[in-house]
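Note sheet for the following structure.
Quick note: numbers below take in every heavy atom, side chains included, and nothing from hydrogens, waters or symmetry partners. Just so we're clear, the structure is a prediction, and the values are computed from it rather than from any experiment.
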Amino acid sequence: MPGSVHDFNLLKKSGLKELIIDENHQCQKLFDSNSTTFADAGYQEISKIVAGSVTPHKKLRNSDLIHQQKIFNQSIPHRRILIENWFGM
């Protein structure tokens, strides 16, 4: 895709969304439970197109995140790095 494209727009246009959804269904069958897709802050709307997606809370203009949101946000990279290391990324 030529030019500058936001990560989330690229995801929607790439066909990767369908692969993620299919992989989530396969994991649900295999593990008999819900699977989760972890994404970084650039994918704030992913939960609308991929069920079970988790992204960090985003700070809104003129407001701070509450303590629980900060703790939650800190937990996501720890989970993502475990997964990325498992697959050798």
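Without hydrogens or angle criteria, Q74 side chain to I71 main chain gives no donor-acceptor distance under 3.5 Å.
Taking all atoms of both residues into account, the shortest heavy-atom contact from H57 to N73 is N-OD1, 2.6 Å. Closest heavy-atom contact between F72 and V54: CZ-CG1, 3.4 Å. Considering all non-hydrogen atoms of both residues, K59 and D64 come closest at CE-OD1, 3.4 Å.
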